[in-house]
Amino acid sequence: CPQPHYVREYTLVLLRSQCGSQILLGYKKRGFGQGKWNGFGGKVEVGETPLAAAIRELHEESSLEVRPADIRLAGRMLFQFADETRVFRVHIYTGSRWTGQPVESDEMRPRWFNLADIPFDNMWPDDAYWLPKVLAGQSVIGYFLYAADKVTVLHHCLRNLVEP
Ligand code: 6OG
């Protein structure tokens, strides 16, 4: 059985154009996930809520500003790698209201993608499982166990979070 030694909290923000036909992704220039397209996010700091961390990381990586009421929790994912004892818990938010223009940062190069052209081949493989559901307006919880190669999904489970 997986026995995670510690869980690290992360955030991921996916912004959707107001008409709904495009999604903003960033090309990760360095660090974890380098060379992949992903939403904007990072580690939740001590004493910080995931929502506050999501807003802060989005701003640091893209210059965009969102208000807390303008993003909603769209999912929570647990990611584990077979050769590691840490577990990533990623809080996923979506929104379509912000202020500012996306600006390239040290970490991310932002770009709008049509929903039909999402670059799944250059994203974390788990995204292909859950992102279409989130884009369809569903809220999801999931678990993904990756092999040590960080490419092969050995096991996953994905459930819809039913809103009360
Ligand atoms: P920094 O190192 O930039 O935070 N993240 C993942 N995103 C997806 N889609 N799949 C994964 O599967 C992920 N693992 C981590 C969370 C890392 C950023 O990468 C996300 C953060 O937004 C393994 O501080």
Side-chain angles (χ1 to χ4, degrees), residues 2 4-16 23-66 71-95 98 102-113 115 117-136 138-159 161:
H5 282 187
Y6 56 94
V7 177
R8 285 258 168 108
E9 308 284 337
Y10 288 82
T11 63
L12 194 62
V13 176
L14 294 156
L15 291 181
R16 191 89 174 258
I23 177 179
L24 185 68
L25 297 173
Y27 181 82
K28 189 85 188 279
K29 292 156 69 175
R30 63 168 196 214
F32 189 72
Q34 182 176 358
K36 291 186 174 68
W37 293 94
N38 205 349
F40 300 86
K43 267 194 206 85
V44 179
E45 287 173 2
V46 176
E48 193 179 35
T49 63
L51 178 64
I55 293 170
R56 175 183 55 73
E57 288 280 351
L58 174 69
H59 184 249
E60 286 174 8
E61 293 180 352
S62 76
S63 293
L64 297 177
E65 306 236 25
V66 293
I71 55 175
R72 74 170 190 96
L73 186 70
R76 286 201 183 96
M77 295 291 152
L78 279 187
F79 299 120
Q80 188 168 28
F81 299 100
D83 59 332
E84 293 184 19
T85 53
R86 68 178 166 168
V87 168
F88 294 78
R89 189 157 92 122
V90 182
H91 305 257
I92 301 165
Y93 296 88
T94 54
W98 61 84
V103 172
E104 181 168 348
S105 62
D106 291 352
E107 222 172 299
M108 289 288 230
R109 188 167 75 236
R111 194 181 130 183
W112 287 102
F113 287 92
L115 295 192
D117 302 324
I118 294 174
F120 284 113
D121 290 347
N122 283 304
M123 296 169 75
W124 282 104
D126 58 88
D127 295 19
Y129 294 80
W130 60 263
L131 184 53
K133 287 173 173 281
V134 164
L135 292 174
Q138 299 170 21
S139 297
V140 290
I141 51 171
Y143 170 77
F144 288 82
L145 175 65
Y146 276 91
D149 65 7
K150 291 188 166 56
V151 177
T152 312
V153 176
L154 296 174
H155 172 74
H156 83 279
C157 87
L158 194 58
R159 296 233 170 89
L161 247 182

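Whatever order the structure lists them in is the order used to number ligands and atoms, beginning at 1. Side-chain atoms are counted along with the backbone in the values below, which use heavy atoms only and exclude waters and symmetry mates.
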Between side-chain atoms of residues 129-136 and protein atoms elsewhere (two or more places apart, or another chain), which donor-acceptor pairs fall under 3.5 Å?
unit_1: Trp130; atom_1: NE1; unit_2: Asp126; atom_2: O; d: 3.4
unit_1: Trp130; atom_1: NE1; unit_2: Asp126; atom_2: OD1; d: 2.7

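Compare Tyr10, Trp37, Phe32 by their heavy atoms: the one nearest to atom 15 (C) of ligand 1 is in Phe32.
The protein atom (non-hydrogen) at minimum distance from atom 18 (C) of ligand 1 is Gly41 O, 4.2 Å. Protein heavy atom at the shortest distance from atom 24 (O) of ligand 1 is Gly42 CA, 3.4 Å. Of the protein's non-hydrogen atoms, the one nearest atom 8 (C) of ligand 1 is Trp124 CD1, 3.4 Å. Considering only non-hydrogen protein atoms, atom 10 (N) of ligand 1 sits nearest to Asp126 OD2, 2.9 Å.
With ligand atoms numbered from 1 in the order given, ligand 1 contributes 1 (P), 2 (O), 3 (O) to contacts under 4.0 Å with heavy atoms of Lys28. Shown in contact with Asp127 at under 4.0 Å from a heavy atom are these atoms of ligand 1, numbered in order with element: 8 (C), 9 (N), 10 (N). Of all atoms in ligand 1, listed by their number and element, those nearer than 4.0 Å to a heavy atom of Glu107 are 3 (O). Residue Thr11 has at least one heavy-atom neighbour below 4.0 Å for each of these atoms of ligand 1: 16 (C), 21 (C), 22 (O). Listed by atom number, the atoms of ligand 1 under 4.0 Å from Phe81 heavy atoms are 23 (C).
A donor-acceptor pair is defined here as one N or O able to donate and one able to accept, closer than 3.5 Å; no such pair exists between the side chain of Gln34 and the backbone of Lys28. Using modelled atom types, one side-chain atom of Tyr93 and one backbone atom of Leu51 make a donor-acceptor pair closer than 3.5 Å. Judged purely by atom type and a 3.5 angstrom limit, Lys29 uses its side chain to pair as donor or acceptor with the backbone of Ser105.
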(request) Check step by step if ring-ring contact (aromatic ring centres under 6.0 Å, His included) holds for Tyr10 and Phe79. (result) CA-CA 11 Å; Tyr10 288 82; Phe79 299 120; 9.4 Å; no
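For the atom pair CD1 (Ile118) and CE (Met123), the distance works out to 6.5 Å, reported to the nearest 0.5 Å. Between the NZ atom in Lys150 and the NZ atom in Lys36 there is a gap of 9.5 Å [rounded to 0.5 Å]. Here CZ of Arg109 is found 5.0 Å from CH2 of Trp37. Values are rounded to the nearest 0.5 Å.
Any N or O atom pair closer than 3.5 Å counts here, and Asn38 shares at least one such pair with ligand 1.
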